[in-house]
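Beneath this line is the structure, given in structure tokens, with notes to follow.
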There are 2 protein chains.
Amino acid sequence: MSEWRNASGNTLRDYPRPSLAVDVAVLTVAEARLHVLVVESPHDGLALPGTFVHPNERTRDAADRALRTKAGVSDVEMHQLAIFDDPTRDYRGWVMSMAYGTAVARDRLPGNAFLVGVTDGEPDESLAWDHARMVRLAVADLRARYADEVDPDYLIGHEFTVLELRQLYEAIYEHALPKDTFRRQVSDGLDSTGKVSSAAGGRPAELFRRRAGTYLPRSAAGVFEAHRIDVTR
Amino acid sequence: MSEWRNASGNTLRDYPRPSLAVDVAVLTVAEARLHVLVVESPHDGLALPGTFVHPNERTRDAADRALRTKAGVSDVEMHQLAIFDDPTRDYRGWVMSMAYGTAVARDRLPGNAFLVGVTDGEPDESLAWDHARMVRLAVADLRARYADEVDPDYLIGHEFTVLELRQLYEAIYEHALPKDTFRRQVSDGLDSTGKVSSAAGGRPAELFRRRAGTYLPRSAAGVFEAHRIDVTR
DNA sequence: TGAATAGTGTCTATTAGACATTATAAG
DNA sequence: CTTATAATGTCTAATAGACACTATTCA
């Protein structure tokens, strides 16, 4: 590699470079609760799927690759959370990790996926390294995005009833939501399909689709979120 | 360095590592407008202050060091924005950059600081590399944080009038705010000092301090922000 | 006194939240 | 019919936004 030199005299070979990893917190809703996808290794215990970044690879592509090869998940839209850069965070040496977050419907994950429940941003089982903090950031990010749009990550299908949508939001925000207020908050973000769901004992519920390009009202965050997750820990 | 090997067989020396830089978007309000602090280099033109990360240094410490040495600014609380990792983004080779954002009062910057006006997240003059995108992220981050608390970055002093505070917010959000509604939005986040400002022709204005540990109401974001900055570009 | 600015009261339209009512299905 | 669930209407309290009014200074 030629030694390009910029105005301040730095070159790309002046000093050691960090190893760069990515880790991905894949959230999902199963049994009406938030879960995070983990992988188990004999040496490090439970951890988020991750990998080292390959030469000239983007971190997002590395995260995609980690999900594909270690968790059997593809075609996921991810969001940068933070870089974890404590030089002592990895026993192997100077390893930084870019954390990504996303959410995927349960039925897009392998049937034997290892899911750990998440309560108020905290995994029910302890994770390796600083991965619990990554989960906390992922949940805060998920909640912020879900207060902005109707189920942007398609945790439920393309067509759904308001009840199904509300139960999804109750799982994400971890508390009950009033059914009439919830309906009014989201109704502007829904398109009616005309169809109804097969009734479960009572009046059949109407099936809706996400309305493209609509945001939920600013008040939605206040309605959904009972409290804020402390992401500073 | 010993070759620690983890369960999946990776080592820390398997493949090349990226050079890692940091760049900092320091926003300030001058002449009732948002500005961003830039440095000028003969080779690259206008750019955000930045530096390469030193061995075993945290990115935040590197960002501190860049601000101190290249812009004469110290003791600034910064926020991670995003990692910029396009492998072709730097002509010198594979260089990623972690972007940080912050805001600093004009009088904490050197008198000869190079400030570029910012309109709707866009610097008035073109910046090197992808630094304009970093500015966009910094402005979005600033607005989100200022909708949460009263001037958390101390862009105005410890004691201030509601008028001064409102003019600050009008500069940050780039539109006029109704004086009575604004006052009601922020009043719960203020403590009265009893003192009044030296009058400027009319009734003297009361001086307030930030009330510790209070958040602005959730509706504040809707009142302040006329529209959202597109950070996807 | 009038001019200028700070601060507050009032009215209206909107709406979150609670509750009641109607609508539509199955048995 | 009864029962169950969906969807909507109604009432109240809170409040954003607009506007007017009062308060306090200086000239």
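In the text below, chain A, chain B and the rest are named by the order of the sequence lines, each starting its count at 1. Note that the structure is predicted; figures quoted are calculated from it, not measured.
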d(CZ, B:Arg183; C1', C:dG9) in whole Å
13 Å
Phosphate contact (D:dA6 OP1 or OP2) by A:Thr161 side-chain N/O below 4.0 Å
no
To the nearest angstrom, the CG-C1' distance between B:Leu207 and D:dT25 comes to 15 Å
Without decimals, in angstroms, what is the distance between A:Arg166 CZ and D:dA7 C1'?
12 Å
Just the rounded figure in Å: distance from P of D:dT5 to CG of A:Leu163.
10 Å
Starting at atom CZ of A:Phe208, determine the distance to atom C1' of D:dA6, rounded to an integer number of angstrom.
10 Å
Regarding C:dA6, can its base be found pairing with the side chain of B:Arg203 as donor and acceptor, where the two atoms are less than 3.5 Å apart?
yes
Quick one: label B:Val196 by what it contacts on the DNA or RNA (base, sugar-phosphate, nothing), any heavy atom closer than 4.0 Å.
nothing
Rounded off to whole Å, could you give me the CG-to-C1' distance for the A:Leu177 and C:dA16 pair?
13 Å
Please report the distance, rounded to the nearest Å, between CG in A:Asp188 and P in C:dA16.
10 Å
The side chain of B:Pro204 lies closest to which of these nucleotides: D:dT25, C:dG7, D:dG17?
D:dT25
side-chain contact (heavy atoms from CB on, under 4.5 Å), paired with A:Leu37, selected from A:Val116, A:Val24, A:Val26
A:Val26
For B:Thr181 and D:dA16, is the shortest distance between a side-chain N/O and OP1 or OP2 below 4.0 Å?
no
Can you check whether B:Leu109 reaches B:Leu115 side chain to side chain, under 4.5 Å on heavy atoms?
yes
CD of A:Gln167 versus C1' of D:dT5: gap in Å, rounded?
12 Å
Pick the closest DNA chain D nucleotide for B:Val223 and for B:Lys179 by heavy atoms, then say which residue is nearer the 5' end.
B:Val223
Is the closest basic N to carboxylate O distance between B:Arg65 and B:Asp61 below 4.0 Å?
no
Residues A:Lys195 and A:Glu159 bridged, charged N to O under 4.0 Å:
yes
Please determine, by modelled atom types, if B:Asp124 and B:Thr119 share a side-chain donor-acceptor pair under 3.5 angstrom.
yes
A:Arg184 (side chain) and D:dG9 (base): donor-acceptor pair under 3.5 Å:
yes
